[in-house]
Novice: 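My questions will all concern the structure given below.
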Amino acid sequence: MASRVSISNTNAFPSSSPSYLNSSRFLSHANNVSFQTQNGSTMLNKTVLVTGGAGYIGSHTVLQLLLGGFKTVVVDNLDNSSEVAIHRVKELAAEFGNNLNFHKVDLRDRAALEQIFASTKFDAVIHFAGMKAVGESVQKPLLYYNNNLIGTITLLEVMAAHGCKKLVFSSSATVYGWPKEVPCTEEFPLSAMNPYGRTKLTIEEICRDVHRSEPDWKIMLLRYFNPVGAHPSGYIGEDPRGIPNNLMPFIQQVAVGRRPALTVYGNDYNTIDGTGVRDYIHVVDLADGHIAALLKLEEADIGCDVCNLGTGKGTSVLEMVRAFEEASGKKIPLVMADRRPGDAEIVYASTKKAEKELNWKAKYGIDEMCRDQWNWASKNPYGYGSQDSTD
């Protein structure tokens, strides 16, 4: 039987929370999210290790876990994330924040990881940790192979040694390369086009081999598309280091005055307005998708399976820019440039398998994505390092 997500109405937020945590939309979203399997058994008091839990997607997932009654331990080396995110997640989770513990540890540090597993019995692991900038991976491939592959292998070895054999792996649609047709289904040929994508693809293969060798492993591989947006509170969001690699954080930095204009690469594609089309998914939807996959691991015959996480809809660059301008009231100056070599025209997900197998479906559209992104950006124009933000 597939797993379901249920929402109860117990208010998880005390009256002493910061004022912006008390918006009606935030409270309606956050009111004690509880998760249970379809047969009615709850996941309360389960303990989950989240690697990379201080990062963009990881921090939102950790919050959803806490609100769902999970005890959560985060391991993160803070290479491209901030401990401030962990403190804010604790605050957002109110009394459930007591169920969160954080360790600044690199997954390649076997001794430190062994110590964490020796002190806590984990029911499952959600694995986000890894370097993720495509351009940097091309320039520094050995760094990416060292960090992403060795870190994952060490994690799997330590998990096995301590009898923890349930894993949700945060993979990526990059494993499809540049697909020749859309929507992308889980059965499409796999062909990563850069070292970052190849690390994701290799880890998927490692997971399949681990399951083949030891069938008691239960593994969900999640290929997600383009995460955007932020938590409705505006209290946690994406805070990329250096020049953003993705569209939305770049738009955000233009809107707050950190950059003069957005460069659009290619306006002569065969699309609605000539710009490239991608599948953008709200980060809160994505977080809930990871938890739906976690619940799936409770089933007896899961094995090693894969699901796309996306909206199943394509949005062009200019459509996203217009939606952000509407949400923010800011004009985004544009600079048109030539296509980048290798960029695909249209990429979006087939979500049928996730809807059927995980009973999960994205709830938010680009209007909510842009509204929440701007709420985060306007409160935290320089991310977690902003002097205008509350640390």
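Predicted, not measured: the structure shown is a model, and the values here were computed from it.
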Novice: Could you check whether any side-chain heavy atom of Lys46 comes within less than 4.5 Å of a side-chain heavy atom of Leu294, counting everything from C-beta outward?
Specialist: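 Lys46 does not reach Leu294 side chain to side chain.
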Novice: Can you confirm whether Ile243 is buried at CD1, in the sense that more than 12 heavy atoms of other residues, nucleotides or ligands lie under 6.0 Å from that atom?
Specialist: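 No, not enclosed.
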Novice: Counting only heavy atoms not in Lys313, do more than 12 fall under 6.0 Å of its NZ?
Specialist: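 At most 12 heavy atoms, drawn from other residues, nucleotides or ligands, come within 6.0 Å of this atom.
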Novice: Any side-chain heavy atom of Asp285 within less than 4.5 Å of one from Trp360?
Specialist: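 A side-chain contact exists here, since the closest heavy-atom pair is under 4.5 Å.
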Novice: Please state whether the rings of Phe324 and Trp374 are parallel, tilted or perpendicular, taking 30° and 60° as the class boundaries.
Specialist: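 It falls in the perpendicular class, over 60°.
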Novice: Starting from the C-alpha separation in whole Å, work towards a yes-or-no answer on side-chain hydrogen bond (donor to acceptor under 3.5 Å, both in side chains) for Asn146 and Arg108.
Specialist: CA-CA 9 Å; Asn146 185 302; Arg108 293 167 293 181; 2.6 Å; yes
Novice: Are any of the side-chain heavy atoms of Lys218 and Lys165 separated by less than 4.5 Å?
Specialist: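 Counting from C-beta outward, Lys218 and Lys165 never come under 4.5 Å.
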Novice: Taking the side chain as everything from C-beta on, heavy atoms only, tell me whether Thr185 gets closer than 4.5 Å to Lys352.
Specialist: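 Answer no - side chains too far apart.
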Novice: So Asp372 and His282, side-chain hydrogen bond (donor to acceptor under 3.5 Å, both in side chains) or not? Walk me through it.
Specialist: CA-CA 9 Å; Asp372 292 339; His282 197 295; 2.7 Å; yes
Novice: Can you list the steps and then say if Thr275 with Tyr269 is a side-chain hydrogen bond (donor to acceptor under 3.5 Å, both in side chains)?
Specialist: CA-CA 6 Å; Thr275 62; Tyr269 289 109; over 6 Å; no
Novice: Cation-pi between Arg278 and Phe225: NZ/CZ under 6.0 Å from ring centre and within 45° of the ring axis?
Specialist: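 No cation-pi geometry.
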Novice: Does the side chain of Tyr348 reach to within under 4.5 Å of the side chain of Cys184, using non-hydrogen atoms?
Specialist: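 Contact flag for Tyr348/Cys184 side chains = no.
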Novice: Could you walk me through whether Asn99 and Phe70 pass the side chain to side chain contact (heavy atoms under 4.5 Å, CB included) check?
Specialist: CA-CA 7 Å; Asn99 289 329; Phe70 292 87; over 6 Å; no
Novice: Please collect all ring-ring contact (aromatic ring centres under 6.0 Å, His included) contacts where either partner lies in residues 137-196, sequence neighbours excluded, each pair once.
Specialist: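 Every ring-ring contact (aromatic ring centres under 6.0 Å, His included) pair that includes a residue of residues 137-196, provided the two are not neighbours, is Phe117-His162, His127-Phe169.
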Novice: Are there over 12 heavy-atom neighbours, none belonging to Lys330, within less than 6.0 Å of that residue's NZ?
Specialist: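 No, NZ of Lys330 has 12 or fewer neighbouring heavy atoms, counting only those of other groups under 6.0 Å.
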Novice: When you look at CD of Gln115, are more than 12 heavy atoms from neighbouring residues, nucleotides or ligands closer to it than 6.0 Å?
Specialist: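 Counting neighbours around CD of Gln115, 12 or fewer heavy atoms of other residues, nucleotides or ligands fall under 6.0 Å, so no.
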Novice: Ring centroid separation for His87 and Phe102, is it under 6.0 angstrom?
Specialist: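 No, the ring of His87 stays outside the 6.0 Å limit from the ring of Phe102, centre to centre.
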Novice: Any heavy-atom pair between the side chains of Val335 and Leu262 that's under 4.5 Å?
Specialist: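 Contact flag for Leu262/Val335 side chains = no.
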Novice: Do the side chains of Leu297 and Met220 get nearer than 4.5 Å, heavy atoms only?
Specialist: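 SC-SC contact between Met220 and Leu297 confirmed.
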Novice: Could you tell me if Arg88 sits above the aromatic ring of Tyr235, with its cationic atom closer than 6.0 Å to the ring centre and no more than 45 degrees from the axis?
Specialist: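 Yes - Arg88 lies over the ring of Tyr235, closer than 6.0 Å to its centre and within 45° of its axis.
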Novice: I would like to know whether Leu107 and Thr154 meet side chain to side chain contact (heavy atoms under 4.5 Å, CB included); could you show each step before the answer?
Specialist: CA-CA 7 Å; Leu107 289 184; Thr154 303; 5.6 Å; no
Novice: Going through the checks in order, is the side-chain hydrogen bond (donor to acceptor under 3.5 Å, both in side chains) test met by Asn270 and Glu345?
Specialist: CA-CA 7 Å; Asn270 186 26; Glu345 191 165 79; 4.7 Å; no
